[in-house]
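Counting starts at 1 for both ligands and their atoms, following the listed order.
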Amino acid sequence: MAVEFDPNTPNAARMYDYYLGGKDNFPVDRAAAEQVLRHVPEIPLGIRENRAFLQRAVRFLAEQGIRQFLDIGAGLPTQRNVHQVVAEIDPEARTVYVDNDPQVLVHARALLQDSPQVLVVEGDLRRPSAIMDHPEVRAHLNFDEPIAVLLLAIIHFIPDSDDPTGVIAEIRNRLAPGSHMVLSHVAIDERPEAAPEVEGVYRSASAQFVARMSSEIEPFFDGLDVVPPGIVNLHEWRPDSPVLAPPLEKVKSYFLCGVGRIN
Ligand SMILES: C[S@@+](CC[C@H](N)C(=O)[O-])C[C@H]1O[C@@H](n2cnc3c(N)ncnc32)[C@H](O)[C@@H]1O
């Protein structure tokens with residue numbers, strides 16, 4: 001299901017853009033984001049860590065020889081998007097960006113689809129087979145060869161009633177051996193008391209945030225051979241530079257991530 005373009009309803013992609021310091025957001029998004037920030041002021045640091053993790057994970061996979069990337073819930077274009085990171089290793093590598101938000105798609109087509117190696121398509125993670133059977137996706141990616149599927153900061157918008165575990169399994173079962181899944185998910189272990197407030201703000205937004213503890217997130221990696229260092233906080237995953245967010249360094253579980261291989 002595509003999200004309707006609506007400048008008067010808080011939008012998850014535009015709120016994320018606001019946390020990142022972007023300009024593709026409206027007053028209603030900024031007001032909702034500010035409400036969230038009152039409860040969880042460290043969100044912008046977490047999101048910068050999430051983007052840094054994306055870049056490290058994509059580079060790691062490209063260095064392992066992966067040449068096909070499927071980024072579901074790609075978000076509004078920002079700095080160093082997937083295909084730009086991949087191109088540093090192999091300019092011929094292919095990337096597909098998927099989102100269900102029309103504004104994301106317009107911006108992504110304008111800013112990201114800048115080479116034949118990049119495709120932007122509308123798709124809903126809750127219907128993964130529709131994405132993987134999409135004729136344009138199938139023309140762009142070879143499902144007989146390894147693919148890296150990125151599910152970054154999106155599963156926490158999929159409620160249990162939409163069966164996130166089943167969605168992940170459906171994708172996993174369609175991928176060739178040697179494929180990988182990359183996942184990141186907000187964990188509320190450190191701030192369970194803020195969770196209802198944040199869920200409340202997102203209740204009226206384009207996508208509803210689902211608060212989960214790390215014990216509920218770790219099973220999303222079942223069936224995957226998780227590569228070292230395992231399922232960890234964003235800044236702990238193969239850091240290549242000093243940690244961006246010192247206050248988060250001491251926190252046990254705030255935003256979990258991991259990379260799993262399909263054997
Ligand atoms: C928080 S942003 C994350 C962007 C990027 N993946 C990252 O980690 O930087 C979440 C994105 O997922 C998209 N999204 C939410 N629910 C979705 C769904 N069911 N299917 C496809 N995209 C979805 C939103 O439109 C938004 O662009």
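Put simply, L256 and I154 are part of the same group of oily side chains (I, L, V, M, F, W, Y) that touch within less than 4.5 Å, one to the next.
Ion pairing of E88 with R59 is present here, as a side-chain N (NZ or NE/NH1/NH2) and a carboxylate O approach within less than 4.0 Å.
Checking N50 against Y19 by side-chain atom types alone, no donor-acceptor pair falls below 3.5 Å.
In this structure, ligand 1 sits under 4.0 Å from heavy atoms belonging to A13, Y16, N50, R51, G73, A74, G75, D99, N100, D101, V104, G123, D124, L125, R126, L152, A153, I154, F157, I158.
For E122 (side chain) and L105 (main-chain N/O), no donor-acceptor pair under 3.5 Å exists by modelled atom type. For the pair Y97 (side chain) and V82 (backbone), a donor-acceptor distance under 3.5 Å is present.
For the pair R191 and Y254, the cation-pi test (distance below 6.0 Å, angle within 45°) is failed.
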